[in-house]
Protein chains: 2
Amino acid sequence: MEGSPLQLDGPEPLWRQAAEAILQEIASGKLASGARLPAERDLFTRMSISRVTLRRALQSLVEEGVLTPSHGRGWYVSAKVPKEFPNTLESFSETAKRLGLTPSSDVLRAEEAPATLDEAEELSIAPGTTLFHLERIRRLDQVPVAVDTSFFAVALAPHLGQVDFRTASLFGLLIAAGIDLARAETTIEAHGADSALAQHLDMGVGKSTLVMRQLIVDASGRPLLSSTIRYAGDRYRLRTSFSRTGKFAWPVGAQPVASDRRGAA
Amino acid sequence: MEGSPLQLDGPEPLWRQAAEAILQEIASGKLASGARLPAERDLFTRMSISRVTLRRALQSLVEEGVLTPSHGRGWYVSAKVPKEFPNTLESFSETAKRLGLTPSSDVLRAEEAPATLDEAEELSIAPGTTLFHLERIRRLDQVPVAVDTSFFAVALAPHLGQVDFRTASLFGLLIAAGIDLARAETTIEAHGADSALAQHLDMGVGKSTLVMRQLIVDASGRPLLSSTIRYAGDRYRLRTSFSRTGKFAWPVGAQPVASDRRGAA
DNA sequence: AAGTGGTCTAGACCACCCC
DNA sequence: GGGTGGTCTAGACCACTTA
């Protein structure tokens, strides 16, 4: 790996292409875990881009946990390049793939209905606004692992009536419709299963379930979609990764923990 | 708000100061939620910095969820500026403060011991390495809400023997010791309480608990600390916020995403 | 067409690390 | 020292929005 020039090409921004090129080098093994990258001045010369652009690429890889800069020494490939990107939850189908299982769904409800007062308040819209409700049992290799209940204003994405949600992805559809899903305000609790949930998930009443509620908002903070997923406690495990970003202190306090009393918020 | 010049000053990087100045304008109400910022060319002139530096500041505020750019139209203050930063968990003491409650701890264990095979494997160190074990009952206004079990190599931070962990913050101590806590690989499950846990938390055996395990790693991915926290299910609720970063497919939080596009890499 | 953000450049100087 | 990343600049051109 000397002065071999790297050719970039594509419609994407230059810095994105540069980042991809570096990821390639890592994936192909030319840059091993823990290895030091060539100096910035080498890299941007070989890629025929400016130093600013190269640094933007490097910075983006830091945020993905792939690279680590060390002032005065160089850029290093992280010891363990994370398969999952930080700060995202592993999706249902990703989990299935990792475990070698087949995901599927039973649709319990897929219909339009006017928003109740509570629903309207949660989405910050007018009561009576037409919502689309979707409720599904999620399965892995036919074993039921969760019940997923979501709703959102139909105005967001019309023509969902004829979609087959046994296989379709709600998020995929919304993104494809050009909807900007920027952030998810999330709470996670543990509860005993009520009888209806226990029946859907084929488990004992009162057994532990993991309840994840998400309010998905766009970049300006406007609520778009409400989602509640109830997992059978002994059949599922959420996985994620929290990062410190920029100059902000970590989950300081005592422990990386969050909490709330019942009923609040 | 016209051409009034903004004075920056401090030891921090210019772009950080610029970001703080903008946050100030928002906090003081000069820039309301949803308001449009002055044009970039105005701002960097008034702040006497370059456009690149200003944009770095603006970009950092986008990542915090404070601003939203709109190509060809301008920069806007987000509708709801989040108090918590995305992708971090609210800490125990932060929660206590928000709820107006007083946090405290009972120390069940605080001692050194050689690493077992399992512990060594989890931290990627040699079995027998001396570890520091810390186990505490966490309380809010004296009500027990969680049992926290952590361990890490004593070599990381010596002299912890005489610390009073009834009030001290483990994370705070480690950060103060200059240890780089960059990321936390996290899993979350729901379980029924065993008898020991039930007794510590003053709850019924078999009742739901939320179990959060975290492996805290440094920027290069090297494991530093293992932490397991078991919450009484009916007394706690985890809160966080997931963001989409850059161009990657979405957090999808446990939603069935059939499209499941692996971003880059 | 005018105004706005989005991308990119070439060059400078500083701070840190290691020999 | 010399090499490395960290910050900052002034200016250019492009793409999108609005009128």
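Being a predicted model, the structure only gives us computed values, none of them experimental. Naming convention: chains lettered A, B, ... in sequence-line order (proteins, then strands); numbering from 1 in each chain.
Taking a heavy-atom distance under 4.0 Å as the criterion, the stretch of DNA chain C touched by chain B extends 5' to 3' from dG3(C) to dT7(C).
Contact annotation: Trp75(A) side-chain N/O to dG5(D) OP1/OP2 distance is under 4.0 Å. Of the side-chain N and O atoms in Arg73(B), one or more sit less than 4.0 angstrom from OP1 or OP2 of dT18(D).
For the pair Tyr76(A) and Leu37(A), the minimum side-chain heavy-atom distance is 4.5 Å or more. Side chains of Arg239(B) and Glu185(A) form no contact here, defined as non-hydrogen atoms less than 4.5 Å apart.
With the nearest nucleotide of DNA chain D identified for both Ser50(B) and Arg41(B), Ser50(B) has the one nearer the 5' end. When each of His71(A) and Gly72(B) is assigned the nucleotide of DNA chain D bearing its nearest heavy atom, the one mapping closer to the 5' terminus is His71(A). Of the two residues near DNA chain C, Ser70(A) and Arg51(A), the one whose nearest nucleotide lies more 5' is Arg51(A).
Base pairing in DNA chain D gives the following stems of 3 or more Watson-Crick or G-U pairs, range against range and under 3.5 Å: C:1-17 with D:2-18.
Here the CG atom belonging to Leu61(A) is positioned 5.5 Å from the CD atom belonging to Glu64(A), to the nearest 0.5 angstrom.
Rounded to an integer number of Å, the gap from Phe44(A) CZ to dG5(D) P is 10 Å. As a whole-Å value, the separation of Leu37(A) CG from dG3(D) P is 19 Å.
With hydrogens and angles disregarded, a donor-acceptor distance shorter than 3.5 Å links the side chain of Ser28(B) to the backbone of Gln24(B). Between the Arg56(B) side chain and the Arg16(B) main chain, no donor and acceptor come within less than 3.5 Å of each other. Under a 3.5 Å cut-off, the side chain of Ser78(A) and the backbone N or O of Val66(A) do form a donor-acceptor pair. Looking at Thr53(A), its side chain never comes within 3.5 Å of a backbone N or O of Ile49(A) through a donor-acceptor pair.
Within 4.0 Å (heavy atoms only), Arg56(B) reaches sugar-phosphate atoms of the nucleic acid but no base atom.
Inspection of the Gln214(B) and Thr186(B) side chains reveals an N or O donor paired with an N or O acceptor under 3.5 Å.
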* To do: Please lay out, stage by stage, how Trp75(B) and Arg55(B) fare under the test side-chain contact (heavy atoms from CB on, under 4.5 Å).
  => CA-CA 11 Å; Trp75(B) 292 85; Arg55(B) 282 182 59 80; 3.9 Å; yes
